[in-house]
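Input: a single structure, listed below in structure tokens.
Every chain is numbered from 1 and lettered A, B, ... according to where its sequence line falls, protein lines coming before strand lines. Bear in mind the structure is a predicted one, so any value in this text is a computation, not a measurement.
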Protein chains: 2
Amino acid sequence: MSHKKSNPDPLSKFEWTIMNQIWDGSRMSAREVMEALPPEKQRAYTTIQTYLERLVGKGYLEKEKIGMVNFYGAVVSRESVVAGATNNFVNQVFAGSASRLAAYLIPNIDLNSKEIEMIRQLLDEAERGDA
Amino acid sequence: MSHKKSNPDPLSKFEWTIMNQIWDGSRMSAREVMEALPPEKQRAYTTIQTYLERLVGKGYLEKEKIGMVNFYGAVVSRESVVAGATNNFVNQVFAGSASRLAAYLIPNIDLNSKEIEMIRQLLDEAERGDA
DNA sequence: ACTCTTCTCCTACATATGTAGTATAATAGC
DNA sequence: GCTATTATACTACATATGTAGGAGAAGAGT
């Protein structure tokens with residue numbers, strides 16, 4: 001199998017911010033998204049609306065009007081978008097070598113012992129080739 | 001220690017392409033950069049020039065004119081830029097959790113046994129707290 | 001019914017990014 | 001010395017991204 005259905009246009013910085021809210025929650029209105037944003041990411045209400053509409057245009061969200069209000073829900077899974085973005089990032093920054101990224105990452109982040117255990121676990125599985 | 005000297009403006013996609021060439025090599029002219037680019041990244045000669053100049057403007061490159069020709073060299077280390085970009089990326093896409101990124105990464109990339117060993121090694125060191 | 005609030009829809013605009021053309025200067029070959 | 005090549009400096013322009021204002025509809029409170 002190798003037909004990787006490619007996602008829509010890549011997400012821009014603030015588009016990620018919006019999408020993260022909706023993926024964390026579910027179907028949300030502009031107001032709800034706005035209220036869920038942390039203080040440093042607050043924007044004008046109509047700015048949120050603009051992004052929501054652009055994301056519909058790009059095929060990331062669908063809109064459903066209930067009464068007077070539009071609700072927006074994700075139509076692409078976070079997983080697939082994250083996968084695509086990670087790939088792009090690795091290509092851009094680590095010249096395609098994900099293991100180079102891993103090698104960079106591990107010593108440079110704070111991992112607690114539980115996380116370290118978890119990663120060991122994953123490595124074991126990767127080694128055995130469990131999918 | 002906590003004064004992280006923040007890099008200039010973030011690099012855009014094609015700016016990364018250019019910077020990677022220069023980091024891979026060293027001081028290069030526009031023509032040299034152009035010739036070093038893989039076929040799918042070929043652009044008009046003046047496009048390369050434009051990027052080089054923008055990168056000087058952003059503080060990533062310095063320009064030295066030798067005879068008629070400008071040569072461009074990096075003034076920020078690849079490491080620091082990669083570090084910054086990785087941070088931004090992790091924040092954007094993995095909501096700040098690098099271990100979540102690791103958890104995503106490990107099962108999703110092909111690691112050969114040498115790389116797996118290397119990462120185990122790194123985990124051991126991280127655990128012991130060797131800097 | 002009138003007013004305040006809160007939506008939606010549409011429009012606008014600055015800055016960033018991708019992409020390259022033109023005019024002009026220097027140089028290398030005949 | 002004239003011509004072809006190649007480099008620089010400057011200008012241009014489309015699309016993307018960040019950001020938001022205004023007009024007008026709908027509903028809430030009195």
Side-chain angles (χ1 to χ4, degrees), chain A residues 7-21 27-73 81 84-85 88-89 91-93, chain B residues 7-21 27-73 81 84-85 88-89 91-93:
Chain A
N7 287 312
D9 261 20
L11 293 169
S12 73
K13 228 169 165 45
F14 200 71
E15 285 172 349
W16 269 100
T17 302
I18 302 282
M19 286 305 296
N20 279 333
Q21 293 308 319
R27 190 172 285 281
M28 296 171 97
S29 69
R31 179 67 56 185
E32 284 166 347
V33 170
M34 185 179 173
E35 276 163 4
L37 292 175
E40 73 278 13
K41 303 204 171 153
Q42 285 300 325
R43 295 284 144 28
Y45 178 78
T46 49
T47 300
I48 310 291
Q49 275 189 323
T50 301
Y51 273 96
L52 258 2
E53 285 301 323
R54 283 186 187 168
L55 287 165
V56 171
K58 286 190 174 187
Y60 283 92
L61 296 178
E62 65 182 355
K63 162 161 78 161
E64 190 192 356
K65 188 162 208 159
I66 297 177
M68 170 172 58
V69 180
N70 289 323
F71 286 83
Y72 299 85
V81 178
N88 285 337
F89 178 75
N91 284 322
Q92 205 65 66
V93 175
Chain B
N7 287 312
D9 260 19
L11 293 170
S12 74
K13 226 168 165 45
F14 200 70
E15 286 173 348
W16 269 99
T17 302
I18 303 282
M19 288 304 296
N20 279 334
Q21 293 307 319
R27 191 173 283 283
M28 296 171 96
S29 69
R31 178 68 56 185
E32 286 166 347
V33 170
M34 186 181 173
E35 276 161 5
L37 291 175
E40 74 278 12
K41 303 203 171 154
Q42 286 300 326
R43 296 283 143 37
Y45 178 78
T46 49
T47 301
I48 311 292
Q49 275 188 323
T50 301
Y51 274 96
L52 259 1
E53 286 301 323
R54 282 185 188 169
L55 286 165
V56 171
K58 285 190 175 187
Y60 283 91
L61 296 178
E62 64 182 356
K63 163 161 76 160
E64 189 191 358
K65 188 162 206 159
I66 297 177
M68 171 171 58
V69 180
N70 290 323
F71 287 84
Y72 299 84
V81 178
N88 285 338
F89 176 75
N91 285 322
Q92 206 64 66
V93 174

Taking [X] for the side chain and [Y] for the main chain, is one N or O donor matched with an acceptor at less than 3.5 Å?
{"X": "A:Asn20", "Y": "B:Gln92", "value": "yes"}
{"X": "B:Tyr60", "Y": "B:Asp9", "value": "yes"}
{"X": "B:Glu15", "Y": "B:Tyr51", "value": "no"}

Out of [options], whichever nucleotide has its closest atom nearest the side chain of [X]:
{"X": "A:Arg43", "options": "D:dT19, C:dT8, D:dT8", "result": "D:dT19"}
{"X": "B:Gln49", "options": "C:dT17, D:dT8, C:dC9", "result": "D:dT8"}
{"X": "A:Arg54", "options": "D:dT19, D:dT8, C:dC9", "result": "D:dT19"}
{"X": "B:Thr46", "options": "C:dC9, C:dT17, C:dG21", "result": "C:dG21"}
{"X": "A:Met68", "options": "C:dA12, C:dG18, D:dG27", "result": "D:dG27"}
{"X": "A:Lys65", "options": "C:dC7, C:dC9, C:dG18", "result": "C:dC9"}
{"X": "A:Arg31", "options": "D:dA9, C:dT19, C:dC7", "result": "C:dC7"}

Separation of [X] atom [atom1] from [N] atom [atom2], in whole Å?
{"X": "A:Trp16", "N": "D:dG18", "atom1": "CH2", "atom2": "P", "result": "13 Å"}
{"X": "A:Glu32", "N": "C:dT6", "atom1": "CD", "atom2": "P", "result": "15 Å"}
{"X": "B:Met19", "N": "C:dT17", "atom1": "CE", "atom2": "P", "result": "15 Å"}
{"X": "B:Lys41", "N": "C:dG18", "atom1": "NZ", "atom2": "P", "result": "12 Å"}
{"X": "B:Ile66", "N": "D:dT6", "atom1": "CD1", "atom2": "P", "result": "20 Å"}
{"X": "B:Glu53", "N": "C:dG18", "atom1": "CD", "atom2": "P", "result": "17 Å"}
{"X": "A:Glu40", "N": "D:dT19", "atom1": "CD", "atom2": "P", "result": "13 Å"}
{"X": "A:Leu52", "N": "D:dT17", "atom1": "CG", "atom2": "P", "result": "16 Å"}

Side chains of [X] and [Y] in contact at under 4.5 Å (non-hydrogen atoms):
{"X": "B:Glu62", "Y": "B:Arg27", "answer": "yes"}
{"X": "A:Gln49", "Y": "A:Asn70", "answer": "no"}
{"X": "B:Tyr72", "Y": "B:Met28", "answer": "no"}
{"X": "B:Leu61", "Y": "B:Met19", "answer": "yes"}

So, is [X] close to the [N] phosphate, meaning a side-chain N or O under 4.0 Å from OP1 or OP2?
{"X": "A:Thr47", "N": "D:dG18", "answer": "no"}
{"X": "A:Tyr45", "N": "C:dT8", "answer": "yes"}
{"X": "B:Lys13", "N": "D:dT17", "answer": "no"}

Next item on the list: Identify whether any heavy atom of B:Ser12 sits under 4.0 Å from a base atom; if not, whether one sits that close to sugar-phosphate; answer base, sugar-phosphate or nothing.
Entry: sugar-phosphate

Check: When all nucleic acid strands are considered with a 4.0 Å heavy-atom cut-off, which category describes B:Asp9: base, sugar-phosphate, or nothing?
Finding: nothing

Give me the distances for all protein-to-nucleotides 1-4 of chain C N/O pairs that come in under 3.5 Å?
none

Item checked: Nearest-nucleotide 5' precedence on DNA chain C, B:Phe14 against A:Thr50 -> A:Thr50

Checklist line | Toward the 5' end of DNA chain D, by each residue's nearest nucleotide, B:Tyr72 or A:Leu11 | finding: B:Tyr72

Margin query: Using heavy-atom distances to pick each residue's nearest nucleotide on DNA chain D, tell me which of A:Gln42 and B:Asn70 is more 5'.
Written below: B:Asn70

Note to self: Would you compute the distance between atom NZ of A:Lys58 and atom CG of A:Leu11 and round it to the nearest 0.5 angstrom?
What the structure shows: 6.5 Å

